[in-house]
Amino acid sequence: MTTVVLVAQSDNFYRFLKNVAIGPAIEVTFHPWVEGLENIPESGAAILASNHLSFSDSIFLPIAVTRKITFLAKSDYFTAPGVRGKVTASFFRGAGQVPVDRTGGNASTAAISTGVRLLNEGHLLGIYPEGTRSPDARLYRGKTGVARMALEARVPVIPVAMINTEKVQPIGRSRPNFGVDVGIRIGKPLDFSRYYGMEDDRFVLRSLTDEIMYNIMDLSGQEYVDMYASRAKTLASD
């Protein structure tokens, strides 16, 4: 009974943010355009696999999509100390974010398990295969967790391209820029059913992930870099 109440409260807060607190202001300020909404199923589980240019990606995409999107978010957002940390954690949970540890190893396995559980419950799951925001607006190599989730949960993957969101809120900038032409392109669902049962084959996972990233690149028009974004950030800081 408690779980049902918490879910209802979370859904109500999500709708409040989308329809009252944030959504109308975003629509008036940016007038974001959207292509391909018809590619998102009205019901049933699916993965939205998007490029990641800005923190604001997780704001623009849910506002554009009618269905509630559940994102896997860094656990750091939920563990900050003090009153501010608790408020932030409550906000992210209410906004449909689920905390996962993305440090790698066993943590990655746990994150995938969380994603599969949510998909098995019928959620529309939002994932950024690059694992972190692009440091320079290019598209980086995807991590194979998205392919593993798709095969284990047996769901389609819908590629998504966020357009110009890095110009709204560049990395390191707290205040947004206005007057940016923000857009979202949603591609046709990718059916990987022919690979079901092969989720332990790393070559299959790599191939499917590359196919997902190719589709995102085709939608976004970004230059592709065959390197993990986290590695690019490390090299840039050396």
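Here, residue 1 is the first one in the sequence, and each next residue gets the next number.
- Leu53 and Tyr228 fall into different hydrophobic clusters, where Ile, Leu, Val, Met, Phe, Trp and Tyr side chains are chained together by heavy-atom contacts under 4.5 Å.
- A distance of 7.5 Å separates NE2 of His31 from OG1 of Thr29, quoted to the nearest 0.5 Å.
- Annotation: side chain of Lys18 is not in contact with side chain of Pro62 (no heavy-atom distance under 4.5 Å).
- The shortest distance between side-chain heavy atoms of Val204 and Leu151 falls below 4.5 Å.
- To the nearest 0.5 Å, the span separating CG on Leu48 from CD1 on Ile184 amounts to 10.5 Å.
- Here Ile163 is tied into one hydrophobic group with Trp33, each link being a pair of ILVMFWY side chains closer than 4.5 Å.
- A donor-acceptor distance shorter than 3.5 angstrom exists from the side chain of Arg185 to the backbone of Leu219, with no hydrogens or angles considered.
- Summarising the geometry of Tyr140 relative to Pro135, their closest heavy-atom pair is CE1-CD, 3.6 Å, with the distance given to 0.1 Å.
- Distance check, rounded to the nearest 0.5 Å: CD1 of Ile186 to CE of Met162 gives 9.0 Å.
- Rounded to the nearest 0.5 angstrom, Phe60 CZ and Glu27 CD are separated by 9.5 Å.
- Side-chain contact check for Glu130 versus Leu139: some heavy-atom pair is nearer than 4.5 Å.
- Each of Ile127, Leu118, Leu124, Leu190 was checked for a side chain to side chain contact (heavy atoms under 4.5 Å, CB included) with Ile47, and the lone residue meeting it is Ile127.
- Between the OG1 atom of Thr165 and the CD1 atom of Ile59 there is a distance of 10.5 Å, given to the nearest 0.5 Å.
- With hydrogens and angles disregarded, a donor-acceptor distance shorter than 3.5 Å links the side chain of Asp57 to the backbone of Ser54.
- In this structure, a donor-acceptor pair under 3.5 Å is absent between the side chains of Asn120 and Arg117.
- Within 6.0 Å of OH in Tyr196 there are more than 12 heavy atoms belonging to other residues, nucleotides or ligands.
- Counting heavy-atom neighbours within 6.0 Å of Arg206 CZ, excluding the residue itself, gives a total above 12.
- When atom types are taken as modelled, the side chain of Arg141 and the backbone of Asp226 share no donor-acceptor pair closer than 3.5 angstrom.
- Side-chain N or O atoms of Ser207 include none that pairs as donor or acceptor with a backbone N or O of Phe203 at under 3.5 Å.
- Considering only heavy atoms from C-beta on, Arg15 stays 4.5 Å or farther from Lys68 through its side chain.
- When all heavy atoms of Gln222 and Ala137 are compared, the pair lying nearest together is NE2-O, 3.0 Å.
- The side-chain heavy atoms of Ile26 and Ile22, taken from C-beta on, include a pair separated by under 4.5 Å.
- Among all heavy-atom pairs drawn from Gly145 and Ile112, the shortest one is CA-CD1, 3.9 Å.
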Q.
Is there a side-chain contact (heavy atoms from CB on, under 4.5 Å) between Phe192 and Ile212? Walk through the geometry before answering.
A. CA-CA 11 Å; Phe192 296 131; Ile212 293 167; 3.9 Å; yes
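- When all heavy atoms are compared, the tightest approach of Ile216 to Ser50 is CD1-C, 4.1 Å.
- Between Ile158 and Pro189, some side-chain heavy-atom pair lies under the 4.5 Å cut-off.
- Applying the side chain to side chain contact (heavy atoms under 4.5 Å, CB included) test to Ser58 and every residue at least two apart in sequence or in another chain returns Phe71, Gln97, Tyr128.
- The number of heavy-atom neighbours closer than 6.0 Å to CD of Glu38, taken from other residues, nucleotides and ligands shown, is above 12.
- Listed here is the closest heavy atom pair of Val155 and Ala45: CG1-CB, 3.8 Å.
- Ala64 and Val34 get closest at one heavy-atom pair: CB-CG2, 3.7 Å.
- Val28 and Phe178 end up in different hydrophobic clusters when Ile, Leu, Val, Met, Phe, Trp and Tyr side chains are linked at under 4.5 Å.
- Side-chain contact between Pro41 and Arg67 is present, with at least one heavy-atom pair separated by less than 4.5 Å.
- Counting heavy atoms from C-beta outward, Val157 and Glu211 have side chains that stay 4.5 Å or more apart.
- Atom CE of Met149 is separated from atom OG of Ser113 by 8.5 Å, given to the nearest 0.5 angstrom.
- Within the 3.5 Å criterion, the main-chain N or O of Val182 finds no donor-acceptor partner in the side chain of Lys167.
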